[in-house]
Protein chains: 2
Amino acid sequence: MATIKDLSEITGLGIGTISRYLNGYNVKEKTKDKIETAIAQTGYVRNSVARSMKTGKSMMVAVIVPHLANMFSMRVIESIERVLERHGYSVIISDCGGSAENQLNKLELMKQRMVDGFVLLPLAVSGKRLMQAASGKPLVLIDRLLDVNLFDSVTVNNFEVSYRETKQLLLQGVRRIGIIAGPHDVYTAVERKKGFEKALDEFGIADAYIETGGYNVEDGFKAMKRLLNRSLEGLFISNYELTIGALQAYAQSSQTIKIIGFDSIELSSLINRTITCISQPIEQIGEKAAELLLNRMKDPSRRVENVVINI
Amino acid sequence: MATIKDLSEITGLGIGTISRYLNGYNVKEKTKDKIETAIAQTGYVRNSVARSMKTGKSMMVAVIVPHLANMFSMRVIESIERVLERHGYSVIISDCGGSAENQLNKLELMKQRMVDGFVLLPLAVSGKRLMQAASGKPLVLIDRLLDVNLFDSVTVNNFEVSYRETKQLLLQGVRRIGIIAGPHDVYTAVERKKGFEKALDEFGIADAYIETGGYNVEDGFKAMKRLLNRSLEGLFISNYELTIGALQAYAQSSQTIKIIGFDSIELSSLINRTITCISQPIEQIGEKAAELLLNRMKDPSRRVENVVINI
DNA sequence: TTGAAAGCGGTACCAG
DNA sequence: CTGGTACCGCTTTCAA
């Protein structure tokens with residue numbers, strides 16, 4: 001691999017001159033030509049590791065998620081990457097396998113890699129631990145507001161929208177109602193469940209059928225299988241994967257249940273029995289997160305910003 | 001940020017000793033204690049950028065895909081990451097937006113970042129250009145065999161399985177048949193189309209309804225809308241996203257079409273009219289790719305290996 | 001406009 | 001087992 005030094009030797013120019021040219025500073029036309037020839041000849045590419053070493057910036061951002069193979073994660077990551085790459089940043093990903101402990105480990109690892117910032121789709125941990133793990137590096141949270149306003153974040157109004165939609169169901173006369181709620185250590189799942197429960201409280205319903213557990217297709221399927229014995233009139237499902245799974249079981253049955261699903265817009269039209277969808281503006285969430293991160297990396301002392309997108 | 005030098009000053013030990021301890025070599029119990037105290041005290045974390053600089057290995061692997069927000073990409077990336085992280089590698093991702101040109105740019109960028117290897121879900125480019133762009137760095141192809149055996153690769157038998165399943169349809173008496181084929185510069189899409197066409201040839205069918213274009217949900221929906229005017233008896237759909245889109249349109253219609261979909265196992269049970277699924281072992285594909293890459297990074301001169309997974 | 005030289009934070013070799 | 005030192009490839013003063 002050719003280095004700047006090789007170029008220096010070939011052209012007879014100083015090492016500093018080459019570097020300056022490479023960084024867009026003015027050099028004489030003739031030197032420019034010499035350098036370019038040497039680059040073409042050697043196939044030189046700049047070593048950004050060495051560059052990072054000197055500048056103290058790696059131009060990398062770590063995105064840490066509970067699970068990569070999840071519709072929400074991947075669409076968020078896609079939009080984050082799209083925005084960040086325009087600013088010269090690369091995205092390094094880390095799947096913490098749904099474990100909060102692991103999440104902290106991954107953060108540590110990324111810190112070693114000298115990433116310039118983090119985006120987290122966080123699992124339940126305290127703000128302090130997270131703060132400590134990030135050791136002051138810019139970190140943006142998606143889908144989770146921590147107790148303390150330590151971090152920039154972007155969320156949707158999970159609680160309100162869940163409350164509102166559940167209420168709609170109840171206003172339609174639904175009484176025997178259930179929820180497939182997802183994990184209890186995932187913030188959004190908890191918020192959605194709370195919103196659901198608030199609506200029930202208002203209507204004096206105390207005996208909802210609650211299924212908690214994982215957040216993927218199979219969990220949804222199993223939960224639905226159980227719920228199909230309950231002659232439900234209404235059902236709230238907390239994410240896309242759970243909805244797919246639940247609908248699989250549902251499709252096999254002949255019951256009619258009024259279903260509300262999160263992010264399930266694509267699926268709703270597949271099944272002949274209507275379901276209600278709550279759609280998050282996922283691209284917008286990712287873009288906003290990237291934007292917040294860019295802002296903070298530019299100005300670490302700026303005020304913490306907690307963006308809530310109302311849907 | 002504390003450095004190894006700080007530790008050296010605090011402990012009074014030499015810089016080399018610290019480094020040795022950090023790398024797991026033997027040091028006296030007492031020195032070990034001193035160092036550990038200093039680490040705890042300063043919150044020292046090793047700077048892997050500096051380390052890479054010296055060792056010439058970044059311990060990063062770039063995964064470049066046409067689109068991140070794609071079920072296949074994401075699940076492949078997930079399994080790649082799972083395998084690689086066990087070996088100390090991080091995954092840096094790059095979405096080339098479906099453009100072959102862009103793909104080469106991204107490769108260049110990743111080369112600058114001194115990644116130790118590449119995994120590509122490649123768009124149509126010649127093997128030579130790719131070889132040149134990778135400049136000899138380990139590169140594994142997923143879902144594409146290049147004309148020359150320059151790269152390790154892992155694919156499924158797209159052609160055969162498509163041929164076989166289409167033939168099944170025809171054996172059932174289907175004659176008016178169509179395909180939603182996806183982009184013509186995506187290898188798998190092309191292979192699947194070829195397999196489809198071979199089956200048609202055998203049955204002397206010359207006028208299939210062919211829809212080509214994008215590879216996402218909306219493309220599938222639009223294509224299906226058009227195809228619903230054709231009174232088809234059978235339909236082959238080349239990937240997951242297209243299948244979702246097509247099924248959306250299909251669900252609204254009252255036609256009955258025998259449908260074959262790729263990777264659409266989760267969806268098949270949603271819709272009350274049966275569809276046939278061709279399921280790729282996506283995790284296995286990712287794992288195999290990671291494995292091939294690890295092997296090549298270990299031994300760059302080993303024989304090129306082209307793995308075909310038969311489904 | 002250019003060249004020389006001092007690091008950035010590690011690793012690895014050498015001598016002790 | 002330990003300390004000293006020469007790099008790794010680049011950026012960035014400082015003089016010329």
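Both backbone and side-chain heavy atoms feed into the values below; hydrogens, waters and symmetry mates do not. Every value quoted in this text rests on a predicted model; they were computed, and no experiment measured them. We name chains A, B, ... by the order of the sequence lines, and we start the count at 1 in each one.
Ion pair A:Arg144/A:Glu191 not flagged as a salt bridge, since none of the NZ, NE, NH1 or NH2 atoms sits closer than 4.0 Å to an Asp/Glu carboxylate oxygen. We find that B:Glu287 and B:Arg82 are joined by a salt bridge, their nearest charged nitrogen and carboxylate oxygen being less than 4.0 Å apart. A salt bridge links A:Lys106 to B:Glu85: at least one charged side-chain nitrogen sits closer than 4.0 Å to a carboxylate oxygen. Using a 4.0 Å cut-off between a side-chain N of Lys or Arg and a carboxylate O of Asp or Glu, A:Glu108 and A:Lys111 qualify as a salt bridge.
The distance from atom CD1 of B:Ile39 to atom P of C:dG9 is 16 Å, rounded to the nearest whole Å. Taking atom CG on B:Leu7 and atom P on D:dT2, their separation rounds to 15 Å, with Å as the unit.
Using modelled atom types and a 3.5 Å distance limit, the side chains of A:Asp299 and A:Ser301 yield a donor-acceptor pair. Between the side chains of A:Asn149 and A:Arg303, no donor N or O sits under 3.5 Å from an acceptor N or O.
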Contact letters for nucleotides 6-16 of chain D, in which S counts primed atoms plus P, OP1 and OP2 and B counts the base, heavy atoms under 4.0 Å: -BBBBBB----
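Here the CG atom belonging to B:Asp95 is positioned 11.0 Å from the CG atom belonging to B:Leu121, to the nearest 0.5 angstrom.
Residues B:Asp152 and B:Asn306 come closest through the heavy atom pair C-ND2, 4.2 Å.
Taken residue by residue, residues 28-37 of chain A places heavy atoms nearer than 4.0 Å to DNA chain C at A:Lys28, A:Thr31.
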